[in-house]
There are 2 protein chains.
Amino acid sequence: MARRDTEPRTLTPLPALETWREQLRRGGLDLAILLSVSSTARYGLEIIRHLQASTDLVVTEGTIYPILARLTSSGLVEAEWVAGETPHPRKYYRLSGEGRKALATMIGHWTSFRRKIDRLIEREKGSGDETE
Amino acid sequence: MARRDTEPRTLTPLPALETWREQLRRGGLDLAILLSVSSTARYGLEIIRHLQASTDLVVTEGTIYPILARLTSSGLVEAEWVAGETPHPRKYYRLSGEGRKALATMIGHWTSFRRKIDRLIEREKGSGDETE
DNA sequence: CGTAGATACCTTGTGACGCAAGATATAATG
DNA sequence: CATTATATCTTGCGTCACAAGGTATCTACG
């Protein structure tokens, strides 16, 4: 447990930009996690490592377990304990049937949302934004 | 004030998908609003109409005024009252110098984030997701 | 004058969320 | 027994969007 003890815990009012970045992430986390367990069953820490390795998204334990619990209780993923094969039991999560439908819907929403923001960026970029 | 009185106010536990959609929006709202006032000064209700017209993003007054206040107090936009020319005074918002820098940074973050999610979707889509 | 309607801005109350930090559990090693 | 490594879960904090309701100002009608 000697991991993050060099940082004195974020007490600053967070310079507005940092807070925004965190906000942005929030919207994608559920989607990212569902995608992580969509083709293979994975356990908690494995999901964290998978996201980090494949997308650089850094998710901590305090973040992922509440989300997994929420996704489980709403029926989008199913959890199963697997013990014996590893030193410590692991809880594997996989997408449920309902989750698969939800995921398809979410991907649709994501695509639509992404398009809206991108369109706005392109429109405003070329509409007189020259300040120099 | 007879506008939204047909809907009995959302009391349902929100079927998980709805909550998620709202979460996703959150991350993009600041960005969308900054973009709205980046090339032209606009007042509150005008921003709402502009976003609706150009991107279908529906933002209500209860949402936009707190955000504008936050963006103003953190120095990313500047506000100016304009009275006399219209029946009712309007508060025009425009991007500040600092806001312009922040906007550029945010666009960078947005692009990077979007790429991560898109990559994840493509990877998982083609990695054994056939259930039929 | 009164009041009704339109426009515009702002505030309050509610529920939800991410996350750092810490707690808990298990098994192997010294 | 203590430590280390792995793994899951919980608590406390600050933050946010948003529906609903409130305020202020001008015009129109009688």
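In what follows, chains carry the letters A, B, and so on, assigned in the order in which the sequence lines appear, proteins first and then strands, with residues in each chain numbered from 1.
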(message) Whole angstroms only, please: what is the CG-P distance between A/Asp30 and C/dA16?
(response) 14 Å
(request) Take A/Pro66 and B/Arg49, find for each the nucleotide of DNA chain C with the closest heavy atom, and name the residue whose nucleotide sits nearer the 5' end. (result) B/Arg49
(message) Output the rounded distance in Å from CG (A/Leu68) to P (C/dC17).
(response) 14 Å
(request) Considering just the side-chain nitrogens and oxygens of A/Thr60, establish if one lies under 4.0 Å of OP1 or OP2 belonging to C/dA20. (result) yes
(message) Using a 3.5 Å distance criterion without hydrogens, assess whether the side chain of A/Arg123 forms a donor-acceptor pair with backbone atoms of B/Leu35.
(response) no
(request) May I have the distance from B/Glu80 (atom CD) to C/dC9 (atom P), rounded to whole angstrom? (result) 13 Å
(message) Taking the nucleotide of DNA chain D with the nearest heavy atom to each, does A/Thr63 or A/Arg90 sit closer to the 5' end?
(response) A/Arg90
(request) Send over the distance from A/Glu61 CD to C/dA20 P, rounded to a whole Å. (result) 10 Å
(message) Between A/Arg100 (side chain only) and A/Ser38 (backbone N and O only), is there a donor and an acceptor less than 3.5 Å apart?
(response) yes
(message) On DNA chain C, compare the nucleotides closest to A/Thr86 and A/Gly62; which residue's is nearer the 5' end?
(response) A/Gly62
(message) Does A/Tyr92 reach a base, just sugar-phosphate, or nothing at all? Heavy atoms under 4.0 Å.
(response) nothing
(request) Measure from the side-chain heavy atoms of B/Leu45 and tell me the nearest of D/dT8, D/dC18, C/dA8. (result) C/dA8
(request) Using whole Å, report how far CZ of A/Arg42 lies from P of D/dA7. (result) 14 Å
(request) Between B/Arg25 and A/Pro89, just flag the one whose closest nucleotide in DNA chain D comes earlier from the 5' side. (result) A/Pro89
(message) I need the minimum non-hydrogen distance between B/Arg119 and A/Ser54, along with the two atoms involved.
(response) NH1-O, 3.3 Å
(message) Output the rounded distance in Å from OH (B/Tyr65) to P (D/dA20).
(response) 17 Å
(request) Under 4.0 Å between any heavy atoms, over every strand shown, what does B/Leu29 touch: base, sugar-phosphate, or nothing? Just pick one. (result) sugar-phosphate
(request) Verify, without hydrogens or angle tests, whether B/Ser96 (side chain) and B/Leu76 (backbone) share a donor-acceptor contact under 3.5 angstrom. (result) yes
(request) Would you name the heavy atoms of A/Glu98 and A/Ser74 that are closest together and state the gap between them? (result) OE2-O, 3.9 Å
(message) Using whole Å, what does the distance between atom P of nucleotide D/dA17 and atom CD1 of B/Ile33 come to?
(response) 8 Å
(request) Tell me which nucleotide among C/dG18, C/dT11, D/dT8 gets nearest to the side chain of A/Tyr43. (result) D/dT8
(request) With the side chain of B/Trp81 defined as its heavy atoms from C-beta on, choose the nearest nucleotide among C/dG18, C/dA8, C/dC9. (result) C/dC9
(request) Please report, rounded to the nearest Å, how far the C1' atom of D/dA19 is from the CD1 atom of B/Ile67. (result) 14 Å
(request) Among C/dC10, D/dA17, D/dC9, find the nucleotide with the atom closest to the side chain of A/Lys91. (result) D/dC9
(message) Check this one for me: any side-chain N or O of B/Arg70 less than 4.0 Å away from OP1 or OP2 of D/dC16?
(response) yes
